[in-house]
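Notes follow once the structure below has been shown.
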Amino acid sequence: MSLGSSLLVKPSENKLIQQATPAELTETFGQYLQKALDGVSAQEKNVHKMNDLYLTGQVDVTQVMIAAEKAQLSLQLTSQVRNKVVEAYQEMMRMQI
């Protein structure tokens, strides 16, 4: 799953977002995050599957390395997004009302 391609909002979806309640937007954002995490998990599982296929001689080492690098980059991106979310949360908690 490509995280970048799902960040684009279509014009028809933009109207729905503007009319949505905060609770609906939170649910939509939560679903987006869940799909992104599921995609990262699927890439990790794919790496394990590719390793098994490599051990049985069914795939080339380059395919295994490409799958491993994709999974690593996805995991790094997920980690950086998590760090930014935590940082934003901490900044909001420091705000004085």
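This is a predicted model, so every value here is computed, not measured.
We find the CG-CZ distance between Leu33 and Arg82 to be 13.0 Å, quoted to the nearest 0.5 Å. To the nearest 0.5 Å, atom CE of residue Met92 and atom CE of residue Met95 are 7.0 Å apart.
For Ser79 (side chain) and Leu75 (main-chain N/O), no donor-acceptor pair under 3.5 Å exists by modelled atom type. Listed for the Ser41 side chain is no donor-acceptor partner under 3.5 Å among the backbone atoms of Leu37.
The side-chain contact (heavy atoms from CB on, under 4.5 Å) test applied to Leu73 returns Glu69, Gln76, not counting sequence neighbours. Checked against side-chain hydrogen bond (donor to acceptor under 3.5 Å, both in side chains), Glu91 has the following partners two or more places apart in sequence or in another chain: Arg94.
Using modelled atom types, one finds no donor on one side chain facing an acceptor on the other under 3.5 Å when comparing Asn83 with Glu87.
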Counting only pairs under 3.5 Å, give me each side-chain donor-acceptor contact of residues 46-68, with atom names and distances, residues two or more places apart or in other chains.
residue	atom	partner	partner atom	Å
Asn51	ND2	Val47	O	3.4
Thr56	OG1	Asp52	O	3.4
Thr56	OG1	Leu53	O	2.9
Asp60	OD2	Thr62	OG1	3.1
Gln63	OE1	Asp60	N	3.1

